[in-house]
Amino acid sequence: MAETKTKDEMEKIVSLCKRRGFIFQSSEIYGGINGFWDYGPLGVELKRNIKDYWWRCMTREREDIVGLDASIIMHPRTWEASGHTDTFSDPMVDCLLSKKRFRADLIEPQSGTIYHFTGAEATEGGNQSSEPYSVLLVAGKQPDSARKIARKYYTQRGISKPELRGETTEEIENTTRFNPENGSLLTEPREFNLMFKTYVGPVEDEENTAYLRPETAQAIFAQFKNVLEVSRKKLPMGICQIGKAFRNEINPRNYTFRSREFEQMELEFFIKPDETVEKTSNENNPKSAWGWKEWHRYWVEERLNWYEDIGLPKEDLELYEQTGDDLAHYAQATVDIMYRFPFGMQELEGIAARGNYDLTQHQKFSGKSMEYFDEDAREKYIPHVVEPSAGVDRLALALICNAYCEETITDDKGKTETRTVMRFHPRIAPIKVAVFPLLKNKPELVAKAREIQKMLKPHMNVFYDQTGAIGRRYRRQDEIGTPFGITVDFETLADDLETKDTVTLRERDSMKQQRVPIKDLLPKLLEKIL
RNA sequence: GCGGGUGUAGCUUAGUGGUAAAGCCCCAGCCUUCCAAGCUGAUUACGAGGGUUCGAUUCCCUCUACCCGCUCCA
């Protein structure tokens, strides 16, 4: 069933998400707003199930991790310490000829001769341009190649067969104002600030500038000492958090994949520095000998297993190890967990070994100690950290893409039709079970179905439906990924049959049904969805 | 940010310089003893603003959103 997910399919998925209430465009009635999305009734359940399961696996079922829910707006110094104020605002330049965009600070300085032109005149048609333009000619190239570039530029601007005007030359060294690929002049550098800016208090001035957090992680570092103390944990220990983050993406793309407002699930797992590990490891506890490499590998494995646990197949997941240029300057290692989206292999989660960079920075900027006293080693140090950081919205999209399936089925009479099924893992399916009376105009069927709905409701998301033919109701649930359907029929009510107080339990993927005593329903379902 | 494409009902599509049609979905009712049956009825749309015009969903301009490519991407 591993059919290829095409772009065509992506469109169907987007359409289904809207039609059934998973995802809507934000502010749609006003024409929408680029990079923002809303989750409808089913989408919000899906997201909640994802977050709940992550939270359960990260904190409740572990003894070494605790939670945090920090504010979105923090003291602006936070972002100076983390480096976001600097690195999240890159000056960018565009090539006037090719329109290609560069980061101004990454352009190699060049030396050579600048050819300035004051304009150009068309040899045909008679129109002209008085816009100045310049081309850099590096040593060893013919002057005509500079003129050729200039003619191209003016041709682009509507001057046919242009004759160049006002040529002058200038020697220059180490300039970054020209495109290294073609010599064309670049635009003035423009700031691209990727953090959302706002003002704390009603007065809008520089003093009051604050930012919507671009990641949840920094609050964990900032609260490290507080949380460590109240949690009464010893290293290694982790602090995790789920919350909104904001990035002014230059170009949001691929549906909800790259949004300007998104939700993260982040863990900062604090560990001993490798030097300390050597001193304090003991034979009874193998993990005590783990340095950052072992912990990093451990978290990659943990997270990979977790994705399989909620239904993403191994063959559609891939690990990508960042190296060299990709790797942030502070990171010792980063592994991305990628998923095969219909639009390509894309990152779901990054697991970074960040050394003690962040805590060191916050110690430096706040003047407050971030040190930890290790009782085994009898020494103080700033803990190191491994950070698994996942995107909730990306994961929700991955799960939707993964679940989407169209299958051709043939009925008893040999008629074929298409069945659309969302094969969500029961654990994350928005609705766990649907309850139907076989017919709605038989009060005793309806009453029994309502009774079952009431019984299950406190334990899971149940949907009751009595409209139309039973087959239609099954298909409706298939399309939103409800894994189970319960139908009350006449055999449920028959006093003289063994089937009294049994119902049919239909399984979404196989469409197979079995008769189950009503009293067995709850344990049977709970076992599947937990 | 650049280039190209697109925007008519919840979805998929017709169509026209004189305010719009259909299928599916949805809702109500009837019917229906297990996989989108049938019948009756109902709601719902020309992305926004401006211009040309007696009159614009249609032509023009601007904006916006979505898709593709480039770019960007902690």
Side-chain angles (χ1 to χ4, degrees), chain A residues 7-8 10-12 14-21 24-37 40 82-84 87-88 90 92-103 106 156 187 190 192 194-195 214-215 217-218 245 247-255 257-258 264 266 322 326-331 334 336 343 346-347 350 352 354 358 387 389 391 409-413 415 417-421 436-442 445 467-479 485-494 503-504 506 508 511-513 515:
Chain A
K7 273 168 191 151
D8 202 37
M10 195 61 211
E11 278 177 29
K12 286 182 187 168
V14 171
S15 168
L16 184 142
C17 281
K18 179 169 190 195
R19 185 157 37 88
R20 292 305 194 187
F24 303 119
Q25 203 178 8
S26 168
S27 322
E28 198 195 71
I29 60 168
Y30 292 106
I33 178 164
N34 189 267
F36 298 91
W37 301 90
S82 69
H84 285 83
T87 61
F88 247 45
D90 298 325
M92 307 289 286
V93 291
D94 298 314
C95 172
L96 288 173
L97 188 67
S98 66
K99 308 294 182 197
K100 214 170 156 178
R101 169 162 295 163
F102 302 89
R103 264 176 62 177
L106 293 185
Q156 246 180 30
T187 58
R190 279 173 296 186
F192 275 64
L194 266 27
M195 280 200 291
E215 62 175 31
Q218 293 306 322
R247 288 181 198 174
N248 233 331
E249 297 290 351
I250 294 170
N251 195 356
R253 270 295 163 87
N254 289 328
Y255 201 29
F257 183 81
R258 178 170 293 130
Q264 292 184 303
E266 292 195 298
Q322 292 188 19
D326 301 340
L327 208 55
H329 61 281
Y330 50 75
T334 299
D336 291 337
F343 46 82
Q346 298 280 355
E347 179 188 347
R354 296 168 71 110
D358 299 275
E387 176 196 85
S389 167
I409 54 172
T410 310
D411 67 13
D412 304 342
K413 295 158 198 118
K415 216 173 71 181
E417 59 181 354
T418 304
R419 183 173 84 119
T420 305
V421 201
F436 314 114
L438 184 59
L439 298 172
K440 75 168 166 185
N441 57 1
K442 298 287 186 290
L445 291 177
T467 60
I470 188 72
R472 173 188 294 274
R473 285 178 267 163
Y474 286 142
R475 295 303 175 79
R476 248 198 300 246
Q477 294 306 314
D478 289 342
E479 204 180 15
I486 292 169
T487 303
V488 175
D489 59 14
F490 292 95
E491 291 171 50
T492 310
L493 304 171
V503 290
T504 63
R506 173 188 184 265
R508 174 196 64 203
M511 296 194 286
K512 294 250 167 62
Q513 289 177 295
R515 284 210 86 86

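Each chain gets a letter, A, B and so on, in the order the sequences are listed, and its residues count up from 1.
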Contact between [X] and [Y] at the side-chain level, heavy atoms closer than 4.5 Å - yes or no?
| X | Y | value |
| --- | --- | --- |
| Ile409(A) | Met511(A) | yes |
| Asp489(A) | Arg515(A) | yes |
| Gln264(A) | Ser389(A) | yes |
| Phe343(A) | Arg253(A) | no |
| Leu445(A) | Phe436(A) | no |

Say you draw a straight line from CG of Leu438(A) to CD of Glu491(A); how long is it, rounded to the nearest 0.5 Å? 10.0 Å

Polar atom pairs between nucleotides 10-12 of chain B and protein, under 3.5 Å, N or O only, would you list them?
from, atom 1, to, atom 2, distance (Å)
G10(B), O3', Lys18(A), NZ, 3.4
C11(B), OP1, Lys18(A), NZ, 2.8
C11(B), O3', Ser15(A), OG, 3.1
C11(B), O2', Ser15(A), OG, 3.4

If the condition is salt bridge (charged side-chain N to carboxylate O under 4.0 Å, His left out), which residues does Asp478(A) pass it with, not counting sequence neighbours? Arg419(A), Arg506(A)

Partner set under salt bridge (charged side-chain N to carboxylate O under 4.0 Å, His left out) for Glu266(A), not counting sequence neighbours: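 Partners of Glu266(A) by the salt bridge (charged side-chain N to carboxylate O under 4.0 Å, His left out) criterion come out as none, since no residue qualifies.
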
Treating Arg247(A) as the side-chain partner and Leu194(A) as the backbone partner, does any N or O pair qualify as donor plus acceptor under 3.5 Å? no

When the distance from [atom1] of [X] to [atom2] of [N] is rounded to whole Å, what number comes out?
| X | N | atom1 | atom2 | answer |
| --- | --- | --- | --- | --- |
| Ile29(A) | C66(B) | CD1 | P | 16 Å |
| Glu479(A) | A36(B) | CD | C1' | 10 Å |
| Met10(A) | C67(B) | CE | C1' | 11 Å |
| Phe343(A) | C67(B) | CZ | P | 10 Å |
| Glu249(A) | A65(B) | CD | P | 15 Å |
| Arg475(A) | C25(B) | CZ | P | 12 Å |
| Tyr255(A) | C68(B) | OH | C1' | 18 Å |
| Arg253(A) | U71(B) | CZ | C1' | 9 Å |

Name the residue closer to the 5' end of RNA chain B, choosing between Glu215(A) and Glu417(A) according to the nucleotide with the nearest heavy atom.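 This one resolves to Glu417(A).
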
Gly35(A) or Gln346(A): which one's nearest nucleotide on RNA chain B is closer to the 5' end? Gly35(A)

Within the sub-3.5 Å range, which N or O atoms of nucleotides 4-9 of chain B have a protein N or O partner, and how far apart are they?
none

Whole-Å [atom1] distance, [N] and [M]:
| N | M | atom1 | answer |
| --- | --- | --- | --- |
| G47(B) | U64(B) | C1' | 8 Å |
| U8(B) | U16(B) | C1' | 12 Å |
| G15(B) | C59(B) | P | 13 Å |
| U40(B) | U32(B) | C1' | 16 Å |
| C31(B) | A65(B) | C1' | 45 Å |
| A9(B) | A21(B) | C1' | 12 Å |
| U19(B) | U57(B) | P | 11 Å |
| C34(B) | A28(B) | P | 23 Å |

For nucleotides 30-34 of chain B, tabulate all protein N/O to nucleotide N/O atom pairs closer than 3.5 Å, reporting atom names and distance.
from, atom 1, to, atom 2, distance (Å)
C34(B), O2, Tyr474(A), OH, 2.6
C34(B), O2, Gln513(A), OE1, 3.4
C34(B), O2, Gln513(A), NE2, 2.7
C34(B), N3, Tyr474(A), OH, 3.3
C34(B), N3, Thr504(A), OG1, 3.3
C34(B), N3, Gln513(A), NE2, 3.1
C34(B), N4, Asp489(A), OD2, 2.8
C34(B), N4, Thr504(A), OG1, 3.0

Heavy atoms from C-beta onward define the side chain here; which of A36(B), C68(B), A65(B) lies closest to that of Gln25(A)?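 That would be A65(B).
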
Looking at A65(B), C26(B), C35(B), which one has an atom nearest to any side-chain atom of Met511(A)? C35(B)

Taking OP1 and OP2 of C26(B), is either one under 4.0 Å from a side-chain nitrogen or oxygen of Arg472(A)? yes

Run through RNA chain B and report every stem of 3 or more consecutive Watson-Crick or G-U pairs, distances under 3.5 Å, ordered by first number. B:1-7 with B:64-70, B:10-13 with B:21-24, B:27-30 with B:38-41, B:47-51 with B:59-63

By side chain to side chain donor-acceptor pair (under 3.5 Å) - contacts of [X] (at least two apart):
| X | result |
| --- | --- |
| Lys18(A) | Glu28(A) |
| Arg476(A) | Asp465(A), Thr467(A) |
| Asn254(A) | none |
| Gln477(A) | Thr482(A) |

Using the ring-ring contact (aromatic ring centres under 6.0 Å, His included) criterion, which residues pair with Tyr255(A)? Sequence neighbours excluded. Trp37(A)

Can you name the side-chain contact (heavy atoms from CB on, under 4.5 Å) partners of Arg19(A), sequence neighbours left out? Ser15(A), Leu16(A), Glu479(A)

Minimum heavy-atom separation for Gln25(A) to Gly31(A), with atom names? NE2-O, 4.4 Å

Describe the nucleic acid contact of Phe436(A) in one word from base, sugar-phosphate, nothing, applying a heavy-atom distance below 4.0 Å.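 Nothing: the residue Phe436(A), judged by heavy atoms under 4.0 Å, touches no strand.
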
